[in-house]
Number of protein chains: 2
Amino acid sequence: MATIDDVARHANVSTATVSRTLSGRGPVADATRERVLAAADALGYVVSSSASSLASGRTRNIGVLVPHLDQWFFSEVLTGITASLQAADYDTALYVISAHAADPAARRRVFEQSLRRQRIDGLVVVSIALDAREIAQVRALGIPVIAIGGPDSALPSLSVDNVAVARMATAHLLALGHRDIAHIGLSPQFEGDFHIPSRRRKGFEAQMADAEYPVGPGLFEPADYTMEGGARAAHRLLARTDRPTAIFAASDEMAIGAILAARERGLRVPEDLSIVGVDGHELGEFFSLTTVDQFPLRQGQRAAAAILAELGHAPAPATTPLDTHGEMPFELVVRGSTTSPSR
Amino acid sequence: MATIDDVARHANVSTATVSRTLSGRGPVADATRERVLAAADALGYVVSSSASSLASGRTRNIGVLVPHLDQWFFSEVLTGITASLQAADYDTALYVISAHAADPAARRRVFEQSLRRQRIDGLVVVSIALDAREIAQVRALGIPVIAIGGPDSALPSLSVDNVAVARMATAHLLALGHRDIAHIGLSPQFEGDFHIPSRRRKGFEAQMADAEYPVGPGLFEPADYTMEGGARAAHRLLARTDRPTAIFAASDEMAIGAILAARERGLRVPEDLSIVGVDGHELGEFFSLTTVDQFPLRQGQRAAAAILAELGHAPAPATTPLDTHGEMPFELVVRGSTTSPSR
DNA sequence: CTGAAAGCGCTTACAG
DNA sequence: CTGAAAGCGCTTACAG
């Protein structure tokens with residue numbers, strides 16, 4: 001591989017000038033620039049990231065912490081992040097960290113070792129509730145950090161207002177005339193690792209209370225955010241003699257599971273059962289699912305943009321200062337899975 | 001951040017000794033080791049990756065090239081890769097590269113710039129058909145490379161035998177007595193970027209030919225590997241007056257789409273229509289889908305292990321030498337979506 | 001605008 | 001087993 005010395009020799013300049021030309025930092029005469037560029041091109045020179053990082057303190061690499069890869073929301077957010085980073089010529093370092101309970105040692109190693117190797121210039125934490133010690137460790141990194149899925153995170157964050165999201169979904173069902181509305185949310189056992197689900201549940205209950213239809217007992221069913229889990233939870237709800245006329249599921253995947261469960265029981269959606277989800281899942285249209293879209297791709301892009309802005313790149317989006325909690329847009333998308341109750 | 005000098009001073013040794021102790025390369029007296037470890041621990045020292053990489057030529061970072069993140073197979077493979085890498089204390093550099101047609105410039109930049117910055121020690125290419133130039137560029141990197149999804153790749157690869165996979169699925173349907181079997185595969189427009197689908201189609205046709213039931217015209221329907229696409233393709237097939245009694249879909253997601261399409265049309269699965277997929281999708285059980293499981297998680301783990309072995313780590317799995325094409329296991333999982341034809 | 005030179009923080013022959 | 005020292009390939013004040 002050609003080094004900067006090769007290019008310098010080839011172009012008859014010092015390595016300092018090559019560096020200035022290629023990085024765009026510092027003045028270079030036009031004629032010189034041309035020569036350097038030509039030389040670099042001829043030799044197929046690409047700067048060595050470790051040498052550059054060591055000398056400059058910048059890695060052009062951003063870390064991303066995700067809890068899973070196999071849920072649509074995460075893959076979508078991650079896609080948004082990498083796309084934006086790639087466009088800015090930054091690389092992505094992917095860290096999949098397990099839940100606290102699953103493999104504590106592995107999780108600890110990420111915070112104590114991996115992230116501390118000065119391999120990254122910034123960090124995006126996707127939908128993971130860090131504990132106090134982890135937050136301190138992340139802060140001690142001294143790099144820009146943004147969490148997706150706050151805002152009760154102690155870190156700067158970007159998130160939809162999950163209480164408002166849940167209120168919106170619930171209000172939609174209430175406006176249609178539903179009273180017996182059930183909610184499928186996350187099992188409490190996972191609450192330590194994720195804070196979003198409990199906020200959605202809170203919003204649901206608040207909206208119901210506001211409408212003076214307090215949630216009846218047994219109208220919350222825990223699930224694991226999968227289609228299958230959503231289906232199981234829906235089966236439990238629909239087996240009740242006083243089954244609800246509507247279900248608000250905290251994710252589209254669970255909502256789709258609920259649709260399938262209803263069909264399996266011979267119930268028509270939406271005539272016999274209305275269902276709303278949250279996310280804006282790509283399968284939403286296929287299942288004709290009413291949902292609150294939260295544009296996860298854009299969340300990823302915004303998070304990346306915020307980090308890049310903090311690092312001095314790109315037009316700093318004035319709306320996403322890293323010292324506060326950015327609110328992301330969401331939107332009710334009414335499709336065919338909701339209507340007025342028939343009884 | 002503490003540097004190696006701090007540790008050396010603290011432990012009263014040279015930086016060389018600290019380096020040897022922490023890297024495990026070279027002899028260190030037990031007493032010395034203890035002191036160094038204690039000092040490193042006390043100072044919270046973690047080696048700087050760029051300094052270490054520059055000096056050693058090793059990055060402890062592996063690149064992964066994927067075409068998408070939003071398909072179950074890819075997220076599963078990627079999960080397997082990162083898990084294995086993390087366990088070996090390696091980081092993952094994620095590169096999502098678009099199809100040739102989508103954004104040629106972005107794709108080119110990955111091969112010409114990103115991958116050439118000496119940021120990675122090895123590379124895993126997941127299910128992407130590289131063109132001749134890209135293969136040359138990847139080879140020129142001079143690092144271990146393995147492709148998942150060969151074996152017609154010009155790179156060392158790891159893959160199930162996709163012809164055999166398709167034969168197995170088809171043979172299962174034939175053995176049940178089906179003759180009118182349709183296949184849902186990939187639209188030819190994507191063939192340049194992926195080679196697996198055409199091999200599955202080939203296997204299907206070969207098996208049918210062997211059984212002397214050559215595939216009828218119109219019994220191939222192209223789709224895009226999504227549930228929705230699978231459903232649309234199935235609708236086209238099932239609208240025919242001489243509709244097939246069985247469908248072999250080249251992926252579980254498409255197969256699930258086909259199941260849903262059949263249900264929508266009032267057809268019972270499997271009584272009126274048998275369906276087989278490929279993958280081993282997590283939703284397979286939920287939909288009671290018969291499939292050929294190809295254990296994508298394991299494929300990812302194996303690919304990572306192969307790279308690590310090449311880099312001198314871990315028990316080199318004798319079965320996956322990087323100079324050849326590793327065959328991965330697959331297995332027919334019979335569930336409730338297949339049975340004998342009723343007519 | 002350009003270059004000489006120090007320095008980034010490690011690793012690794014080499015010598016002892 | 002250990003240390004002194006060169007060197008990895010850049011970047012960046014500093015001086016001119």
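Letters A, B, ... are given to chains in the order of the sequence lines, protein chains preceding strands, and every chain is numbered from 1.
Distances shorter than 4.0 Å separate some side-chain N or O of B/Ser14 from OP1 or OP2 on D/dG3. Considering only side-chain N and O atoms, B/Ser48 lies nowhere under 4.0 angstrom from the phosphate OP1 or OP2 of C/dG9. The phosphate of D/dT11 has OP1 or OP2 within less than 4.0 Å of a side-chain N or O from A/Ser52. Between B/Ser56 and C/dC10 there is no side-chain N or O to OP1 or OP2 distance below 4.0 Å. Between A/Thr3 and the phosphate of D/dG9, there is no side-chain N or O to OP1/OP2 separation shorter than 4.0 Å. OP1 or OP2 of D/dT2 has at least one side-chain nitrogen or oxygen of B/Thr32 nearer than 4.0 Å.
Summarising the geometry, atom CD1 belonging to B/Ile148 is positioned 11.5 Å from atom CG belonging to B/Leu65; distances are rounded to the nearest 0.5 Å. The distance from atom CD1 of B/Ile97 to atom CD1 of B/Ile128, rounded to the nearest 0.5 Å, is 3.5 Å.
For the pair B/Arg119 CZ and D/dC10 P, the interatomic distance rounds to 14 Å; values are reported in whole Å. Nucleotide D/dA4 holds its P atom 13 Å from the CZ atom of B/Arg9, rounded to whole Å. Distance CD1 (A/Ile4) to P (D/dC10): 5 Å, rounded to an integer number of Å. Atom CZ of B/Arg58 is separated from atom C1' of C/dT11 by 8 Å (rounded to the nearest Å). Computed from coordinates, the B/Arg117 CZ to D/dG9 P distance equals 17 Å when rounded to whole Å. Atom pair B/Arg35:CZ and D/dC1:P shows a separation of 14 Å (rounding to whole Å applied). Between the CG atom of A/Asp6 and the P atom of D/dC8 there is a distance of 12 Å, rounded to whole Å. When rounded to the nearest whole Å, the span between CZ of A/Arg33 and C1' of C/dT2 equals 13 Å.
For A/Gln118 (side chain) and B/Ser50 (main-chain N/O), no donor-acceptor pair under 3.5 Å exists by modelled atom type.
Taking every side-chain heavy atom of B/Ala29 into account, D/dT2 is the closest of C/dA4, C/dT11, D/dT2. Closest contact between the side chain of A/Thr17 and the listed nucleotides C/dT2, D/dT11, C/dT11 involves C/dT2. The side chain of A/Ala16 has C/dG3 as its nearest neighbour among C/dC10, C/dC8, C/dG3. Here D/dC1 is the nucleotide among D/dT12, D/dC1, D/dG9 with the atom lying nearest to any side-chain atom of B/Pro27.
Side-chain N/O atoms of A/Thr59 and A/Asp121 include a donor and acceptor closer than 3.5 Å. When only modelled atom types and interatomic distance are considered, B/His10 and B/Tyr45 share no side-chain donor-acceptor pair under 3.5 Å.
Of all nucleotides present, none satisfies the Watson-Crick or G-U wobble test against C/dA13 with each distance under 3.5 Å. Here D/dA4 sits opposite no nucleotide as a Watson-Crick or G-U wobble pair (both hydrogen-bonding atom distances under 3.5 Å).
When heavy atoms are screened at a 4.0 angstrom cut-off, B/Val18 is found touching no nucleic acid atom at all.
Looking at which nucleotide of DNA chain D each of B/Arg20 and B/Leu54 is closest to, the 5′-most match is held by B/Arg20.
Applying side chain to side chain contact (heavy atoms under 4.5 Å, CB included) to B/Arg60 and the options B/Asp89, B/Asp91, B/Leu85 leaves one that passes, B/Asp89.
A gap of 16 Å separates the C1' atoms of D/dG16 and D/dT12, to the nearest Å.
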